[in-house]
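Structure first, then comments.
All chains are named by letter (A, B, ...) in the order of the sequence lines, taking the proteins before the strands, and each is independently numbered beginning at 1.
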Amino acid sequence: MGTVGLIPKVFEPKKFEEEVLKFWDENRIYEKLRERLRGRPKFYFLDGPPYPSSDVPHIGTCWNKILKDVVVRYRRMRGYYVHDVPGYDCHGLPIEVAVEKKLGFKSKKDIEELGVDKFIEECRKLALANAASMTKYFKDLGVSLNWDRPYLTLTNEYIEAAWWFIKKAHERGLLKRGLKVLHWCPRCETVLADYEVTEYRELEDPSIYVKFPVKGREREYIVIWTTTPWTLPANVAVMVHPDHTYVRVKVKKTGEVLILAKPRLEHVIKECNLGEVEVLEEFPGEALQGLEYEHPLADEVPIQRQIRHVVVTSREFVTMEEGTGCVHTAPGHGEEDFEVAKRYGLPVLCPVDSRGRFTSEAGKYANLYVREANSVIISDLERKGYLLHVGKIVHRYPVCWRCKTPLIYRATEQWFIEITKLKDRFLEEAAKVNWIPAWAGSARFRNWLMNLRDWVISRQRYWGIPLPIWVCTKCGHYVVIGSREELLERAIEKVELPDLHKPWIDRVVLRCEKCGGEMRRVPDVADVWLDSGIAFFASLGYPRNSELFNKLYPVDFITEGHDQIAGWFFSLLRASVIAFDQAPYRTVLMHGFTLDEQGREMHKSLGNYVAPNEVIEKYCREALRLFVLSNTVWEDLRFSWKKVEEAYSDLNILWNVYYFASTYMNLDKFDPEKYRLEDYLHVLEPEDRWIISRVNSVNKVVVNALESYHIHEAVRALRRFTVEDLSHWYIMLIRRRVWIEEERLEKLTAYITLFYVLEKLLRLLAPFLPMITEAIYQRMFRPALKEAPESIHYLEYPLPDEKLIDERCERLMDVVKEIVEKVSALRMKAGVKRRWPLRELVIATDSQEVREAIDMYRKILLTQCNVKKVEVVPSSEVRKFIRYVIEPVFSKIGPVYRGLTKKIVEYLSKQRPEDIAAALLEKGCIEFEIEGQVVRLSRDMINIREEPQTDYLITETRNFKVILSTTLTKEEIAEGLARDVVRRIQYMRKVLDLPLDATIEVVVYGPESEIELIKQYTHFIASETRARKVKFVGSRDEVTGDLVTEWEIDGSKYVIGVKRIQ
RNA sequence: GCCCCCGUAGCUUAGCCUGGUUAUAGCGCCCGGCUGAUAACCGGGAGGUCCCGGGUUCAAAUCCCGGCGGGGGCACCA
């Protein structure tokens, strides 16, 4: 036979949490749960792998993992076999940069000197160490994922999955090689895809106007504007707008003729200080097409001498917003320029190497770093007379997201996948996904997909998945390898290949099937977004093992921050459509960002960073969980110490609720298995039926919220229920019932009800607060239940019992609460404290519902309002408790009756106000005679006020009026005093720290007349305080006991002694 | 420039989809009360241009349009 266990009085969450974490670990609770659920319906959760570039997770990542934890815990309790492998995104530039920093490296050359193999090992070591450290943090927060075997993007198996994927893209004809003009980081010496260009800095650059001499004309020039003088050596053309008007103008000062757009003329005159000009000719830009000019740096830059420079036209790329309307075009250094070059068959020059230095092609400027060459080029232009003007401009300029080096555009050969061809499929598949919130999919994601670009997958780096492409050194033919076996089969020399990373992989040489030449791997690694994008199959070991994948695909649920719209959400879809022609996930929950108290992003560099440890240290793990989970999921989370504290305080209340129940149930050896709720339903008190209904209603709300992933709604409903319904109201109502000493039905039903509610609530809370609920479960519930499993997390998630939901009963309780509130307010106004009973409470109402509420909960009203009687009357009867007060309005009467006014007021004061009021209200005026003169007072001359009758107070709400009798006779005073004495004795028991069931002897001294009143309540005092004897004495010296305390009650001195009886 | 989210009391926030009585609650402040689970709680008070302006409607915090402010995303930056 079990009884309810006792839980500790003091709330020490950190201690309990640590205890529970240890318990889970030692008893393999998580692992056994997986076993219990094997064979159940699948739920494929996929973890968005964080980047292990630090050993401590950001607090936002903690929120992310806690959200995931709630979902997987809920699903398990609902009986799903949850695939719950976490992951880490191990490759890529951030790790490389961190290692470079650690080793003090400045460029790729340093890496080559150290040896790529050593560098790779450093990267691997760092990624694994950080991943292991982050795992510790996540586990410590109670996040229940399969931490023993996270998926890591750096394993051979994972790399092979990527190879298979790239080969798949190749087979679908989507893999391409070609010259692309893309952002390039001269420090990292690699291409950056457009979605990697996210950081901009305010930089100062030259802003120059340059004169390009028109071929065959004397002193006639096309004027261009640029902020990147270093791109001039690669200039091949000038773009103009065909439809806008252009002009030839003569500068009076110099006699030179300039060509530029008319709408820009005024601006250029001002900016370049041209002085007076004469417009020689106006014509459409079209007319300039084909006009040839000479490159101003032809002498300095040898490649420029072999090129014919012409004016071309473009509608899209020429604007009249800035510059001169004549756009300097360098196809090797600009995407648009490249576009135009393709259209016109212009040559693409790129005399800049991977480190951002000019090559020998740039002649004079060879070896100069591009940004340093600016000034040299400017002075050359000036010297040669081609510089019209030089100024400065501060503008936003893109920098490398890792190392903050200003980026440049460079034309290079890259590998890319033509995903623009799949745009329609992306849109179709994305529309099938359940997005939460809906606008994340219909607006944000869709919008992103509408602006698709092709996917450049090659990166000129080291720490990444090597592209599985081998190119023939002789004929240029290439093959894409899909697996390690395939590779080794085709290798010329059989090599050992324990690891598929660079540099080892580069040593594998293949034979060209076309020409018999040697094929070498392209030196590139894959864009790191490819890694995480294929996680939905690669983390399952596919394609090497297809069993898991066939069982689980597609992913049922993922959740990440809104930055992942363009990131992981997209890269998963991209990979899945390429490889399987369908969306990889069914439900996507987009959550917010974690910001600081002011709403700024949290960064270590900003100094506003709050480490998860700090929060746990100051409060506890579950307070952090409760805090983050209460935030509207898709809105940004402002970190707030105050809110963490509030969460902590709610946890404290939760603990106290369970402590309260456990104390009394344990004391009475309550065995919940002996009683079935159904058998007692008919004898429950109304408040019992109410709280049972409430817990089931909340259950319904919580399950609905969780099914639609509105996690915060579930959490808020549970917090409200625990604090307001359970702690503040229900427990307060039943306190007296559980304090009863003997075995009585009303105590038993309170226990049965409370146990039912608490057991259900505990399971409802388990996914959100896995540690506290476990701690309570182990101590309080497990000893009570025979079939209790080893952990609360093995129990099923509760579903609402519709039969027990009684909405009417809940609604009516709200009315009762409202009445109690109003009565408290009236008591306050009357200055009568709650302990003093009042004779009568009258509710005047015509509402059937209010009537029913009072009938149903009369007992509660009697005790909570502490009145002897509650009566309901029709609202019209409120009159009985009202009297009218009339006030003459001097400002109205005075001007009419002047000297008579005083007499009129005197007359009025002698009448019954009721009569005056009635007449006024009925007829609109009253007439009477004073000193022979007829006085006629209209409605506006007299104010009518309603006031409660003496000894009554009245207040009203929408549906009813509350009338409270405030009469205090000796009887009421006696009872009030007795209660005051009881309260003091209870307090003294507490101070003495007596056990709940200890009995005592009481001695009371007080003013004679009061004591005489109190004496009739001796029995009451005794039973309320578990006193075997209550003695009243005539002098304070006679008061004895283990504790003797002097009290002041209602202005008089009392001395009370309490003695424990053994 | 385009797109998305947010804007309600000193602070934090519910309600907005689906218009309707006196706009929600917490924190903080002041006054009072209750208490043998409670470092808890209850009542009262002070505190509001529901960002602004139009429109629709009998009725707008809520729906529509246009602004403003904050955050984010995308594009561009010759």
Side-chain angles (χ1 to χ4, degrees), chain A residues 9-11 194-195 198 200 205 224-228 231 235 238-239 317-319 321-330 333-337 393 395-398 437-440 442-448 450-451 561-563 565-566 590 592-593 595 597-601 630-632 634-636 638 640 642-643 645-646 649-650 652-653 655-664 716 719-720 723-724 727-729 731-732 735 738-739 820-829 831-835 864 957-959 983 985-991 993-996 1024-1026:
Chain A
K9 179 178 181 135
V10 185
F11 178 56
D194 41 270
Y195 52 79
T198 51
Y200 289 77
D205 275 315
I224 63 97
W225 171 66
T226 184
T227 58
T228 50
T231 59
N235 170 280
V238 166
M239 271 188 279
F317 304 136
V318 181
T319 72
E321 310 296 311
E322 48 186 0
T324 64
C326 303
V327 178
H328 148 56
T329 304
H333 297 307
E335 245 186 311
E336 297 175 342
D337 312 49
I393 186 174
H395 59 168
R396 290 177 69 231
Y397 193 90
W439 51 261
S442 60
R444 293 282 304 272
F445 197 65
R446 215 188 117 76
N447 189 28
W448 166 257
M450 296 301 280
N451 297 306
H562 49 57
D563 53 329
I565 287 283
M590 183 190 79
F593 262 20
L595 310 173
E597 311 228 41
Q598 278 78 44
R600 296 167 310 180
E601 278 189 42
S630 299
N631 192 73
T632 305
W634 48 83
E635 279 177 19
D636 288 346
R638 275 198 186 192
S640 152
K642 213 186 232 171
K643 292 215 148 191
E645 174 147 15
E646 275 175 44
S649 123
D650 281 0
N652 192 7
I653 291 172
W655 186 265
N656 285 329
V657 165
Y658 281 88
Y659 169 68
F660 170 83
S662 95
T663 316
Y664 286 99
R716 288 174 189 171
R719 282 179 80 166
R720 259 184 93 93
V723 175
E724 280 166 35
S727 174
H728 294 180
W729 194 241
I731 299 264
M732 187 183 65
R735 225 194 237 133
V738 302
W739 179 239
V820 173
E821 273 175 26
K822 292 295 169 194
V823 169
S824 301
L826 291 180
R827 276 181 169 275
M828 155 120 181
K829 210 163 154 193
V832 182
K833 49 188 172 182
R834 249 239 342 246
R835 227 178 280 121
Q864 295 308 306
T957 70
R958 241 181 272 146
N959 285 324
R983 208 228 114 192
I985 298 168
Q986 304 284 42
Y987 187 81
M988 290 169 74
R989 287 184 65 113
K990 198 175 180 178
V991 171
D993 202 20
L994 298 183
L996 278 178
E1024 287 291 304
T1025 61
R1026 295 203 171 160

(message) Does a side-chain N or O of H728(A) approach OP1 or OP2 of A40(B) to a distance below 4.0 Å, or not?
(response) no
(message) Heavy atoms from C-beta onward define the side chain here; which of A78(B), G71(B), G43(B) lies closest to that of D636(A)?
(response) G71(B)
(request) Evaluate the ring planes of Y664(A) and W739(A), with Trp represented by its six-membered ring, and classify them as parallel (under 30°), tilted (30 to 60°) or perpendicular (over 60°). (result) perpendicular
Polar atom pairs (N or O), protein with nucleotides 3-7 of chain B, under 3.5 Å:
unit_1: C3(B); atom_1: O2'; unit_2: N447(A); atom_2: ND2; d: 3.2

(message) Please report the distance, rounded to the nearest Å, between CG in N656(A) and C1' in A40(B).
(response) 7 Å
(request) To the nearest 0.5 angstrom, please state how far the CG atom of L994(A) sits from the CZ atom of R1026(A). (result) 11.5 Å
(message) Base, sugar-phosphate or nothing for Q986(A)? Non-hydrogen atoms, less than 4.0 Å.
(response) base
(request) Answer with base, sugar-phosphate or nothing: what part of the nucleic acid does I731(A) contact at a heavy-atom distance below 4.0 Å? (result) base
(message) For the P atoms, the ones on U12(B) and on G71(B), what distance do you get once it is rounded to whole angstrom?
(response) 14 Å
(request) Select base, sugar-phosphate, or nothing to describe what E322(A) touches, counting heavy atoms under 4.0 Å on all strands. (result) base
(message) Can you measure Q864(A) atom CD to G43(B) atom C1' for me and round it to whole angstrom units?
(response) 13 Å
(request) Please state the P separation for the pair U8(B) and G55(B) - nearest whole angstrom. (result) 25 Å
(message) How many whole angstroms separate atom CZ of R719(A) from atom P of C27(B)?
(response) 11 Å
(message) With a 4.5 Å cut-off on side-chain heavy atoms, are Q864(A) and R834(A) touching?
(response) yes
(request) Assign T957(A) to base, sugar-phosphate, or nothing according to its heavy-atom contacts below 4.0 angstrom with the strands shown. (result) base
(request) Could you tell me whether a side-chain N or O of Q986(A) sits under 3.5 Å from a main-chain N or O of E1024(A), the two making a donor and an acceptor? (result) yes
(message) Applying side-chain contact (heavy atoms from CB on, under 4.5 Å) to F317(A) and V327(A), what does each step give before you reach the verdict?
(response) CA-CA 9 Å; F317(A) 304 136; V327(A) 178; over 6 Å; no
(message) Looking at T227(A), I'd like to know whether one of its side-chain N or O atoms comes within less than 4.0 Å of OP1 or OP2 on A78(B).
(response) yes
(request) Mind checking Y664(A) for me? I need base, sugar-phosphate or nothing, with any heavy atom below 4.0 Å counting as a touch. (result) sugar-phosphate
(message) Taking the C1' atom in each of G66(B) and G44(B), what is the distance between them to the nearest angstrom?
(response) 44 Å
(request) Go through the side-chain N and O atoms of H328(A) and T231(A) and say whether any donor and acceptor fall under 3.5 Å apart. (result) yes
(request) Figure out the CG/P separation between D993(A) and U38(B), and round it to whole Å. (result) 10 Å
(request) Determine the contact category for R720(A): base if any of its heavy atoms lies under 4.0 Å from a base atom, sugar-phosphate if only primed atoms, P, OP1 or OP2 are that close, otherwise nothing. (result) nothing
(message) Counting only side-chain nitrogens and oxygens, does R983(A) get under 4.0 Å of the OP1 or OP2 atom of C34(B)?
(response) no
(request) Drop me the distance from T632(A)'s OG1 to R716(A)'s CZ, to the nearest 0.5 angstrom. (result) 4.0 Å
(request) Using the P atom as the reference point in each nucleotide, state the distance between C3(B) and G47(B) in Å, no decimals. (result) 42 Å
(request) Could you give the distance separating A59(B) and U21(B) at their C1' atoms, to the nearest angstrom? (result) 12 Å
(message) Of the listed nucleotides (U12(B), U38(B), G33(B)), which one gets closest to any side-chain atom of K833(A)?
(response) G33(B)
(message) Restricting to non-hydrogen atoms, name the atom on I565(A) and the atom on F445(A) that form the minimum distance, rounded to 0.1 Å.
(response) O-CE1, 3.4 Å
(message) Looking at G1(B), I'd like to know if its phosphate oxygens (OP1 or OP2) sit under 4.0 Å from a side-chain N or O belonging to T319(A).
(response) no
(message) Can you tell me if K643(A) touches the phosphate of U13(B), counting only side-chain N or O atoms and a distance under 4.0 Å to OP1 or OP2?
(response) no
(request) Measure from the side-chain heavy atoms of K642(A) and tell me the nearest of G10(B), G33(B), C74(B). (result) G10(B)
(request) State the CD1-CE distance between I985(A) and M988(A), to the nearest 0.5 angstrom. (result) 8.0 Å
(request) In whole angstrom, give the distance that lies between atom CE of M590(A) and atom C1' of G73(B). (result) 10 Å
(message) Counting only side-chain heavy atoms from C-beta out, which of C74(B), G44(B), A78(B) sits nearest to A825(A)?
(response) G44(B)
(request) Please say whether more than 12 non-hydrogen atoms of neighbouring residues, nucleotides or ligands are located less than 6.0 Å from OH in Y987(A). (result) no
(message) Taking pairing as Watson-Crick or G-U wobble with both contacts under 3.5 Å, can you name the mate of G66(B), or confirm there isn't one?
(response) C52(B)
(request) Indicate, with a heavy-atom threshold strictly under 4.0 Å, whether I565(A) touches base, sugar-phosphate, or nothing. (result) nothing
(request) Tell me, with the steps shown, if H562(A) and W634(A) meet side-chain contact (heavy atoms from CB on, under 4.5 Å). (result) CA-CA 8 Å; H562(A) 49 57; W634(A) 48 83; over 6 Å; no
(request) Could you work out the separation of C58(B) and C11(B) based on their C1' atoms and round it to a whole Å? (result) 38 Å
(request) Could you check which nucleotide pairs with C74(B) in any of the strands shown, counting Watson-Crick or G-U wobble with both distances under 3.5 Å? (result) G1(B)
(message) Using a distance-only criterion (donor-acceptor N/O pair, under 3.5 Å, no hydrogens), is the base of U13(B) paired with the side chain of R638(A)?
(response) no
(message) Please classify the nucleic acid contact of S727(A) as base, sugar-phosphate, or nothing, using heavy-atom distances under 4.0 Å.
(response) base
(message) Nearest to the side chain of N451(A), heavy atoms from C-beta on, is which of C76(B), C74(B), A39(B)?
(response) C74(B)
(message) Rounding to an integer number of Å, can you tell me how far L826(A) CG sits from C42(B) P?
(response) 19 Å
(request) Name the closest nucleotide to the R716(A) side chain, picking from C76(B), A14(B), A37(B). (result) A14(B)
(message) Can you measure K990(A) atom NZ to A37(B) atom P for me and round it to whole angstrom units?
(response) 7 Å
(request) Would you classify N652(A) as touching base, sugar-phosphate or nothing, given that sugar-phosphate means primed atoms plus P, OP1 and OP2, and contacts are heavy atoms under 4.0 Å? (result) sugar-phosphate
(message) Closest-nucleotide mapping onto RNA chain B: is T228(A) or E724(A) further toward the 5' terminus? I mean the 5' end.
(response) E724(A)
(request) Select from Y397(A) and V723(A) the residue whose nearest nucleotide in RNA chain B is closer to the 5' end of that strand. (result) V723(A)
(request) Just compare C31(B), U38(B), G72(B) and give me whichever is closest to any side-chain atom of M828(A). (result) C31(B)
(request) Name the nucleic acid region contacted by T226(A), choosing base, sugar-phosphate or nothing; use a 4.0 angstrom heavy-atom cut-off, strictly under. (result) sugar-phosphate
(message) Once you apply a heavy-atom cut-off of 4.0 Å, does L595(A) come out as touching a base, just sugar-phosphate, or nothing?
(response) nothing
(request) Give the nucleotide from the list A78(B), A14(B), A37(B) with an atom nearest to the side chain of T632(A). (result) A14(B)
(request) May I have the distance from W729(A) (atom CH2) to G43(B) (atom P), rounded to whole angstrom? (result) 9 Å
(message) Pairing check on G28(B): which nucleotide meets the Watson-Crick or G-U wobble criteria with it, both distances under 3.5 Å?
(response) none
(message) Using side-chain heavy atoms (C-beta onward) and a distance below 4.5 Å, is T228(A) in contact with H333(A)?
(response) no
(message) Under 4.0 Å, counting only non-hydrogen atoms across every strand here, what does V823(A) touch: a base, just sugar-phosphate, or nothing?
(response) nothing
(message) At less than 4.0 Å, is any side-chain N or O atom of K9(A) found next to OP1 or OP2 of U38(B)? Yes or no.
(response) yes
